[in-house]
Peer 1: 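Take a look at the following structure, please.
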Amino acid sequence: MAELEFRKAIWQALDEELARDENVIFFGEDVAKAGGVFQVTPGLRDRHGEDRVFDTPISELALSTAAFGSAVCGLRPVFEIMFADFFALAMDSLVNQAAKYWYLSNGQAPVPLVVRSAVGGGGRFGAIHSQVPAPWFQAIPGLKIVAPATPAHAKGLLKASIRDNNPVLFFEHKRLYSLSAEVDGSEPELVPLGSAETVREGSDLTIATAMKGVHDSLAAAAELATLGIDCEVIDLRTLRPLDIDAVAASVEKTGRLLVVEEGPRTGGWAGEVVASISERCLGRLDDCWRLATDDLPLPYSPPLEDAFLPGTEAIVRAVRERGGVMPEGAA
Amino acid sequence: MAELEFRKAIWQALDEELARDENVIFFGEDVAKAGGVFQVTPGLRDRHGEDRVFDTPISELALSTAAFGSAVCGLRPVFEIMFADFFALAMDSLVNQAAKYWYLSNGQAPVPLVVRSAVGGGGRFGAIHSQVPAPWFQAIPGLKIVAPATPAHAKGLLKASIRDNNPVLFFEHKRLYSLSAEVDGSEPELVPLGSAETVREGSDLTIATAMKGVHDSLAAAAELATLGIDCEVIDLRTLRPLDIDAVAASVEKTGRLLVVEEGPRTGGWAGEVVASISERCLGRLDDCWRLATDDLPLPYSPPLEDAFLPGTEAIVRAVRERGGVMPEGAA
Amino acid sequence: MSPAKRSTKDAAAAGGNGQVGEEAEAYLARLRTMILIRKFEDLVQSLFLRGEVYGSTHLCSGQEAVSVGVAAALGADDRIAATYRGHGHALACGMSPQKFLDELIGRETGICGGRAGSMNVVDLEHGLIGCFGIVGGSLAAATGAALALRRTGNVAVGFFGDGAVNQAYFYECANFARVLGLPVLYVCENNGYGEYTPTEAVTPGGIVGRPAALDIPVSQVDGQDVWAVHAAALEAVAEVRAGGGPFFLEARTYRYTDHGRGDPIKYRSDEEMEEWRQRDPIDIARTRLAAEHGVEAARLDALVADVDAEIAELRSRALAAPFPSPDVTVPEFAPAEA
Amino acid sequence: MSPAKRSTKDAAAAGGNGQVGEEAEAYLARLRTMILIRKFEDLVQSLFLRGEVYGSTHLCSGQEAVSVGVAAALGADDRIAATYRGHGHALACGMSPQKFLDELIGRETGICGGRAGSMNVVDLEHGLIGCFGIVGGSLAAATGAALALRRTGNVAVGFFGDGAVNQAYFYECANFARVLGLPVLYVCENNGYGEYTPTEAVTPGGIVGRPAALDIPVSQVDGQDVWAVHAAALEAVAEVRAGGGPFFLEARTYRYTDHGRGDPIKYRSDEEMEEWRQRDPIDIARTRLAAEHGVEAARLDALVADVDAEIAELRSRALAAPFPSPDVTVPEFAPAEA
Ligand SMILES: Cc1ncc(C[n+]2csc(CCOP(=O)(O)OP(=O)(O)O)c2C)c(N)n1
Ligand SMILES: Cc1ncc(C[n+]2csc(CCOP(=O)(O)OP(=O)(O)O)c2C)c(N)n1
Ligand SMILES: [Mg+2]
Ligand SMILES: [Mg+2]
């Protein structure tokens, strides 16, 4: 058994795909010579050459459209948007060029590009370096959004993303970069996009979440188990398309759904999960709700940021305070 | 009684607010000399002067940040993004500057800006001139999104938007510009943001929608009434913040909710409405679902576009085909 | 889009009979394409007025020499990206006029099955990455394409208007292309206006100084003279292909029609319009072919008649083509093997 | 931010005793602000290493003369927008160092109540529209501010780095400002690198040619010499205030510290760093004050001691300040009357 660090898992996926397919290229701001501000990609330039791994000016819009144009012409570009908050500058190319091309061209060419980007709060980076911009892209047909929680998944999902024939936003949660987990070599090489995984079985309540939320939810589930509440935890892994089948199957069993999202309550992907399940499983549902952040920008000050994010404690509290789910006598 | 055209209602709102408050300015691409590509703003430049109503280069990002910076320094800028699809180019300033400023500055200054923009399909403009980008901004705390359905509301909502102290995206549906409706002068000058209106009372099913969807839903409700289904129709008017109270009150009565959105099913604001109502009114809900478009870009060809959009017929069909709501013997 | 392919087809179409020189034959073919574009635009406009072409039409009448002169400088594996005013570029690339017209009137037989319409049309087989409805999107797509093409010695061309030069895509992409030394030719079709706004009003310092400030070589050319455009394009493409990085070509031209669907105001003087009518690229080509190459009037007239016949046939076939059915289920995503 | 206000405070702080001339007094005050900025940055860094300042720190040590020289050219109703590397700008504007430090360590008494942190700080009372964490956001905000200020004869200043010059905001905003003739001064602090990338590697054609191509007047100045910066800023501000539209000032400078939180690689040579250490703006100011204005060493030393005392007090007060409470309900929207 070996330990694999999340950041190293990303590195391995890039390194292996760069080696496997010469059409794969990788670029971004300070990703090549310096190896990226989160030190995820050191050495890839030396290993694969500066024609295929290179640094760029600070021009997020140009990066995105360079990926789009080159993908349409046969490459499989991977590029980095350093902090996912900067997606706002690159949006037009992703939304109005890349995502629509396959359909509008009537299938003349796919757009196999991947954008890697660091998302999420908890690092005290403040409101404009901490967002998870999944909702900005949630209603964009043609795009996929991948959001891994573990090193092994990060690797398998990134490799699958690079081989996917659609534009993929690949979110790396900053608080997971230094997470290490054991791998034994039996992990599948590719983790399919669009499929969730049940990471804890339970009978009383389904918790669906992603990225850091998976770890927080598992910790919360352990604590809730001591109170007699048996939670099933689903790692969605892909936020677009969502594996609603997996959530529905779980809800059929538990009858209760909590979706935990790091991001504003209004308009997030958690709402999409709740809506889809309500539409489909209403008769079986005893309860469904979301735990997310307040509808505010993320604050800088530690006590404010800590209270703002939906961590383990907040999940436990959310379940305890919600009527119906607590067994008699507990609470 | 006089007729008021939707486009003229917008014009009047701008004209009156420009006259009322010299801090109001209005700018955009070809909005001043030429009066805008949809001919909504002719003559305003001559009436209010070229310092206050002016044309700009084709630079959506600069327009947005010009509005942000000037709003923070005391103006109340209104600007136009010609087709709402172009919001993707302006997103950073709206999301990372305007929307967060009031909170982050700890209330040092509000950001009273309004972006007017033409949204929606049905005009055969194709996939990149027909979007309703509400979902892109739905999870952005601090922003308001206004989406009027009638000339009178358009006027009252735009005036209220200009007086609001927050950044407001004001959506004008292209298919409504030429709509005329009678006004008798007794309309309130301002229509408050964040408040829905029940435009048809009914007992069997609540239909919540906005903009063109209101007219389609009313027509559908009339047809459904002949089948014995009594629909309540709610014009949301503002998509952010949503008036969930109004929808909840209606659902308490009808027990059934259909949300009609022009835009992709996945990730839209309809999902937010369904999720909010499910969270709140689950016990009272017999059914809830969305009618939206397929998760595809909007097609150009008329038969494709017509079938793509959720018009009157599609609404009638959606209700008829959904089990449970049809009275015995009908269908 | 190979010059070989094109010249064969063009020569035949021009009814080459060996009586004029090689250059004249080549330019007769180019003239024919220009006439085709002009008449295609007229047809589109008449169908638009009849409600058969939908939404908006951005015609390029008056600007034909730019598309044709540049396209003729390209090889089969080069790539082109154009704007919403892209009919000329598409036809000059070699896109089937029939498939194109079918697309514009929304038919299943259209080049994109009726999904795209004029503003989003794609024809990769003929090297057209696409027409892009977002101002600046075309040159951006060409920049990206060049990132792929630099491996193969090919060139990407992005056409765009003077208005695009004020926009984010232009600046970031041109700088990006220069930094990476990408093989992209930026062709600015300066028709004097972005919609109803004169170029000078929104472009302080003018156009070519801007790419020049990014250390990109530039040249300016009379966009009404297909000889001049072609010569400038040949030179530019050669520099780009030789590894010189991006190149910027400004072609001064004029649009004879409204911006899109009818102009709300009169923003161009009669004198100005008339002056540019005197510089009609088609007339200029006719005159030069006659005066400098001894092409007979009859041959030129035959060319026009030939195009007229083609247009008539295009029209009737297009109007007879079936609309696509909305009942087909369309997958959201491209499959693993495309 | 009025010169009046500032000079009173500065003169007192510098212990003005009337023995040197007026200019010397003014520059003693500026020197004091530069020393304050430097020591403030040192303090921030030491608190960061202790885990009291969070996230990242973008220090401006080495670049002090730019902030101070430009700010001294502004009046009370002018406006400044700065970057994530904005501590110098904020202090030069006149922001309370205490409120600023409190913000950086996340306290309720911070200028933004602990909500903003270094990268988003705002102090409108002192004319600071904000620090902007998005590269290019600062000059963009200044451009917008200028749209409001042109009514009142005031000027907006946007500070930004060399890296921002390759970015969409820069180009669109500079062009927009030129078209509208807005009173904005763009101050590019060219410290030779954007993160770890040398300016030359990503900025073909250099910096000032770019605004010049938009017909914006430009000048370049030694950013290590506060006299030179101030003189250039005075001239630029005067032109802008007189209605000349935007102006672009490039100040060549250097950052002595890491980019943010520790550099992953060594991208600057020891010789280069040493060369710039020899051009420390604080040393240059000390030397000039001594050599050209006869300021005694004792007075200069007293200045340093005075700042040291201020810094010590800042530190202890800040560490004693309360954290904000997360239990307060915060409304999402600004109320009707703000
Ligand atoms: C980003 C963006 N903004 C605005 C528009 C609307 N629009 C379409 S064409 C046009 C004018 C473009 O002018 P120019 O680049 O000179 O090209 P021309 O139409 O003259 O060929 C504008 C503003 C658009 N399509 N995209
Ligand atoms: C739009 C955007 N892209 C990337 C970043 C990450 N980033 C922060 S500072 C920086 C370098 C900026 O360099 P420069 O403009 O020269 O300013 P300096 O840091 O040297 O003062 C980068 C790339 C960012 N904050 N915003
Ligand atoms: Mg033009
Ligand atoms: Mg720098």
Peer 1: Which one wins on heavy-atom pair count under 4.5 Å against chain D: B:C73, B:A71, B:P167, B:A99?
Peer 2: B:C73

Peer 1: Hey, what do you get for CD (D:E103) to CG (B:N106), rounding to the nearest 0.5 Å?
Peer 2: 8.0 Å

Peer 1: Against chain B, work out which of D:F176, D:Y169, D:Y171, D:F132 has the most heavy-atom pairs shorter than 4.5 Å and name it.
Peer 2: D:Y169

Peer 1: Would you say B:N23 and D:R151 make side-chain contact, with heavy atoms under 4.5 Å?
Peer 2: yes

Peer 1: Checking heavy atoms, do the side chain of D:L182, its backbone, both or neither come under 4.5 Å from chain B?
Peer 2: neither

Peer 1: Please name the pair of heavy atoms, one in D:A140 and one in B:Q97, separated by the smallest distance, quoted to 0.1 Å.
Peer 2: CB-NE2, 4.3 Å

Peer 1: Using non-hydrogen atoms and a 4.5 Å limit, figure out which bit of B:Y103 sits close to chain D: side chain, backbone, both or neither.
Peer 2: both

Peer 1: Counting C-beta onward and ignoring hydrogens, is there a side-chain heavy-atom pair between B:Q108 and D:I111 closer than 4.5 Å?
Peer 2: yes

Peer 1: With a 4.5 Å limit on heavy-atom distance, are the side chains of D:L124 and B:V72 in contact?
Peer 2: yes

Peer 1: May I ask you to name which of D:V330, D:I129, D:T143 has the most heavy-atom pairs under 4.5 Å with chain B?
Peer 2: D:I129

Peer 1: Any sub-3.5 Å donor-acceptor pair from B:N165's side-chain atoms to D:P335's backbone N or O?
Peer 2: yes

Peer 1: Top residue by heavy-atom pair count (under 4.5 Å) with chain B, among D:I134, D:V179, D:N175?
Peer 2: D:I134

Peer 1: To the nearest 0.5 Å, how far apart are CD in D:Q167 and CG in B:L61?
Peer 2: 7.5 Å

Peer 1: Please evaluate residues B:T65 and D:C173 with respect to the criterion side-chain contact (heavy atoms from CB on, under 4.5 Å), reporting the C-alpha separation (whole Å), side-chain torsions for both, the decisive distance (0.1 Å), and the verdict.
Peer 2: CA-CA 8 Å; B:T65 197; D:C173 288; 3.5 Å; yes

Peer 1: Using a heavy-atom cutoff of under 4.5 Å, enumerate the residues of residues 75-95 of chain B that contact chain D, numbered in order, or state 'none'.
Peer 2: B:L75, B:D92, B:S93

Peer 1: Go through B:A67, B:S105, B:P112 and name the one with the most non-hydrogen pairs under 4.5 angstrom from chain D.
Peer 2: B:S105

Peer 1: Might you point out which heavy atoms bring B:D51 and D:R150 nearest each other, and give the distance in Å?
Peer 2: O-NH2, 3.5 Å

Peer 1: Stepwise, does the side-chain contact (heavy atoms from CB on, under 4.5 Å) test hold for B:I58 with D:E172?
Peer 2: CA-CA 9 Å; B:I58 305 170; D:E172 286 203 359; over 6 Å; no

Peer 1: Take atom CZ in B:R20; do more than 12 heavy atoms of anything else shown fall under 6.0 Å from it?
Peer 2: yes

Peer 1: Where on B:P57 is there a heavy atom nearer than 4.5 Å to chain D: the side chain, the backbone, both, or neither?
Peer 2: side chain

Peer 1: Is the NZ or CZ atom of B:R240 positioned over D:F333's six-membered ring, under 6.0 angstrom from the centre and within 45° of the axis?
Peer 2: no

Peer 1: Among residues at least two apart in sequence or on other chains, which ones pass salt bridge (Lys or Arg N to Asp or Glu O under 4.0 Å) with B:R52?
Peer 2: none

Peer 1: Is the number of heavy atoms from other residues, nucleotides or ligands within 6.0 Å of NZ (D:K99) greater than 12?
Peer 2: no

Peer 1: Go through the atoms of D:L147 and report whether side chain, backbone, both or neither lie under 4.5 Å from a heavy atom of chain B.
Peer 2: both

